[in-house]
K.L.:
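Let me give you the structure first, and then I'll get to my questions.
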Amino acid sequence: MINIAERIIKQMVHDKRSLAMIIIVPLFLLTLLYLLLAKSSYVPVVATENLPASFMTMLEEQDTIRLAVKDVDETIETFLKNGKADAVISQDEEGLRITFVEMDGVKVNAVTDALKSVVSVAAGKSQPETNIDFIYGKKDQSMFDSLGFLLLSVLSFFMIFLFSGISFVRERTSDTLERLMLTPIKTVSVVGGYVLGFGFFAVIQSVLMLIYAKILGMPFVGSWLVAALIMLLLAVLAVVTGVLISAISRNEFQVMQFIPIIIIPQIFFSGLIPVDTLPFKLNYLSKIMPLYYGSEGLKGVLVYGYGFGRVMPQIVILLCFIAAVFAANVFVVERYRA
Amino acid sequence: MIEIDNVSKSFDKTPVLNNISMHIGGSEIVCLLGPSGAGKTTLIRLITGAIKADAGRIRVADINVPSINLYKMIGLMPQNDALYADLTGLENLMFFGGLYDLKGSVLKDRVHEVLTLLDLVHEKDMLVAHYSGGMKKRLSLAMALLHKPKVLLLDEPTVGIEPQLRRTIWAQFHTLRDSGVSMIVSTHVMDEAAKCDRTAILYSGGLMAFDTTENLIAGTTKGNIEELFFMAKEAQL
């Protein structure tokens, strides 16, 4: 027993990268979570409709929200969908109503707290009832319904990353890569072949996941084709990322070690925690994370019902990521020729 | 056909080959003879262009190595089998044949030829993962021969192959040589050197002797190749 423990310790000491990963990665992830889950300083933008003047004056004095002006001709739904505010506070025969685009804890808490403090002063004991509405989703929807789009993007990226990464590292460790690179094949064809080969399975995987998500009742209002396209792009990006990571890893174990660095931070920034209310301006970090664009695109299609045109920016950015990582791959794999 | 001039190579500052020079013509089989760690595999990898020499120059068919133009001309059988274990033998051959632009019936016929030559016809549809060590060696050799290369670099090609088949394979090597193919065969098996036209004795990264195998044997007191090893070791010391 002691012999085995001693052997494992010696092996780890010889593998400096693994040793560093065991020590550094948990600290890195803990720091990232500490920052991401800190109290948000986000100040929601709120518009009003049909509120008494006394309410308006008191709302203006609240420093936890900022007021925006809504055109009277514009419906609350259109106003919010166009991203002009985070919420609209209105009054109707049922009482006060706060309408949000979707459920976002930081925004909902900030706006309801601000409104509560105003109402308690302005209305005294006869406080009107406050209703909360969401344009997308319901108050009582499940986590699966809320984060379904995220699961689709993360799973399509993660599974293909893992398979392509392990497959390519096996190509290296079994020496078939060196043999392959000593044939007349062009490096771009090697990387392209991996994309096509795993892309074939990515198409099947995307379609099956979408069908199954629909069966499980995931909110799905947009085009199947556009959703499948985004998932396919994520999978292609996963292939080239997997190959790149494998090309700089010595074995399967080292490929696995990149998961906490390449995959986990991207999950945090892809909608699991609402990105635009992140503290310390960490939301800017999401701009360099492909999964953020994939999730944004999928959310747009599946939850908001966006068509191809509305998610074109996300698709173009994913294509740029693919092109950049593909080029990096060609450069790295070419090094296997003298 | 193969010109190696003053070639040196180190890995992590440890010298593996030191100032090697050899010229190998067409229609010739040269044996790289030396113990494990002598630098045989490194020399073969340098000729293929898998790694770059630190010093010196290698030319194959008047083309400087490394060059993508040489890959079609060279057939390599690496020391490690370098096969796809999750494909069948036939699928491995069809895949590599395709990389050399062999297509259709030409590819099928050639695959059948090498399978027959290496006695793998009955095992062609088995997954390579289920092959024995000798069968893997034969398949790896079949892959090296597939595209009829002008230069064959074979790193320990007959290890694990039974004597009868080894004899057949060597007969095929001689036929290839007679058809104009240059071959470098690395081995630490003494009697295989006798089947080569010339023998280079490598020891600790140095070229201790390079001459016709007959002349080398004649220079020994006991008249056998084994003694060349001990002479090389003494010369090194």
Side-chain angles (χ1 to χ4, degrees), chain A residues 13-17 159-160 162-201 239 242-243 246-252 254-255 327 329-338, chain B residues 7 9 41-42 44-54 56-58 60 64-87 91-93 95-102 128-129 136 139-144 146-147 149 151-153 155:
Chain A
V13 169
H14 289 155
D15 186 357
K16 298 282 185 290
R17 189 193 288 191
M159 296 308 289
I160 300 285
L162 210 57
F163 284 115
S164 62
I166 298 295
S167 171
F168 195 78
V169 89
R170 274 171 58 193
E171 182 107 58
R172 282 190 53 207
T173 52
S174 66
D175 289 329
T176 48
L177 182 62
E178 183 165 310
R179 191 166 205 165
L180 190 65
M181 295 306 284
L182 295 174
T183 70
I185 194 169
K186 291 189 172 78
T187 310
V188 72
S189 302
V190 175
V191 182
Y194 262 79
V195 169
L196 281 180
F198 281 99
F200 170 76
F201 292 103
V239 175
V243 171
S246 307
I248 56 171
S249 301
R250 279 205 301 271
N251 50 44
E252 287 93 334
Q254 289 195 344
V255 174
N329 260 313
V330 172
F331 176 74
V332 172
V333 176
E334 184 62 35
R335 291 189 316 173
Y336 288 94
R337 278 184 176 136
Chain B
V7 167
K9 178 71 185 172
T41 298
T42 302
I44 285 177
R45 292 181 75 213
L46 283 167
I47 299 168
T48 61
I51 50 173
K52 225 174 198 165
D54 299 333
R57 188 184 71 161
I58 300 176
V60 174
N64 282 332
V65 173
S67 166
I68 196 161
N69 299 324
L70 282 173
Y71 296 139
K72 243 181 184 167
M73 210 180 285
I74 294 176
L76 167 71
M77 179 188 171
Q79 194 173 36
N80 298 333
D81 300 319
L83 303 167
Y84 293 101
D86 39 12
L87 294 182
E91 286 166 341
N92 269 281
L93 287 166
F95 169 67
F96 274 95
L99 297 180
Y100 289 103
D101 284 339
L102 298 175
V128 170
K136 284 180 187 167
L139 181 62
S140 183
L141 182 55
M143 276 155 63
L146 194 57
H147 59 292
V151 173
L152 259 177
L153 304 170
D155 200 355

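Chain letters run A, B, ... following the sequence lines, proteins first and then strands; every chain starts at 1.
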K.L.:
Using the rule given for side chain to side chain contact (heavy atoms under 4.5 Å, CB included), can you reason through A/R337 versus B/Y71, listing the C-alpha separation, both sets of side-chain angles and the distance that settles it, and then say yes or no?
P.N.:
CA-CA 11 Å; A/R337 278 184 176 136; B/Y71 296 139; 3.3 Å; yes
K.L.:
Tell me, side chain or backbone of B/S67 under 4.5 Å from chain A's heavy atoms, or both, or neither?
P.N.:
neither
K.L.:
If you count heavy-atom pairs under 4.5 Å with chain A, which of B/A85, B/A53, B/G49 comes out on top?
P.N.:
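Heavy-atom pairs under 4.5 Å are most numerous for B/G49.
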K.L.:
Apply side-chain contact (heavy atoms from CB on, under 4.5 Å) to B/I51 and list each qualifying residue two or more places apart in sequence or on a separate chain.
P.N.:
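In terms of side-chain contact (heavy atoms from CB on, under 4.5 Å), with neighbours along the sequence ignored, B/I51 is linked to B/K9, B/F11, B/T42, B/R45, B/L46.
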K.L.:
Among B/F96, B/F95, B/Y84, B/Y100, which residue forms the greatest number of heavy-atom pairs with chain A at distances under 4.5 Å?
P.N.:
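Going by pairs under 4.5 Å, I would pick B/Y84.
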K.L.:
Is it the backbone or the side chain of A/L177 that comes under 4.5 Å from a heavy atom of chain B, or both, or neither?
P.N.:
neither
K.L.:
Crowded around A/F163 CZ? As in, over 12 foreign heavy atoms under 6.0 Å?
P.N.:
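For A/F163, atom CZ is not crowded (no more than 12 foreign heavy atoms under 6.0 Å).
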K.L.:
Is there a side-chain contact between A/R179 and B/P78 (heavy atoms, below 4.5 Å)?
P.N.:
yes
K.L.:
Could you list the residues that satisfy side-chain contact (heavy atoms from CB on, under 4.5 Å) with B/D155, not counting sequence neighbours?
P.N.:
B/T41, B/I44, B/Q79, B/S186
K.L.:
When rounded to the nearest 0.5 angstrom, what is the spacing between OG1 in A/T176 and CG in B/L83?
P.N.:
8.5 Å
K.L.:
How about residues 186-196 of chain A versus chain B: which residues have heavy atoms under 4.5 Å apart?
P.N.:
none
K.L.:
Tell me whether A/R17 at atom CZ has more than 12 heavy atoms from other residues, nucleotides or ligands lying less than 6.0 Å away.
P.N.:
yes
K.L.:
With sequence neighbours left out, write down each residue that passes side-chain contact (heavy atoms from CB on, under 4.5 Å) with B/N80, or none if nothing qualifies.
P.N.:
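Expected list: A/D175.
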K.L.:
So do the side chains of A/L182 and B/I74 get within less than 4.5 Å of each other, counting heavy atoms only?
P.N.:
no
K.L.:
Got A/R170 and B/D86 here, is their nearest side-chain heavy-atom distance under 4.5 Å?
P.N.:
yes
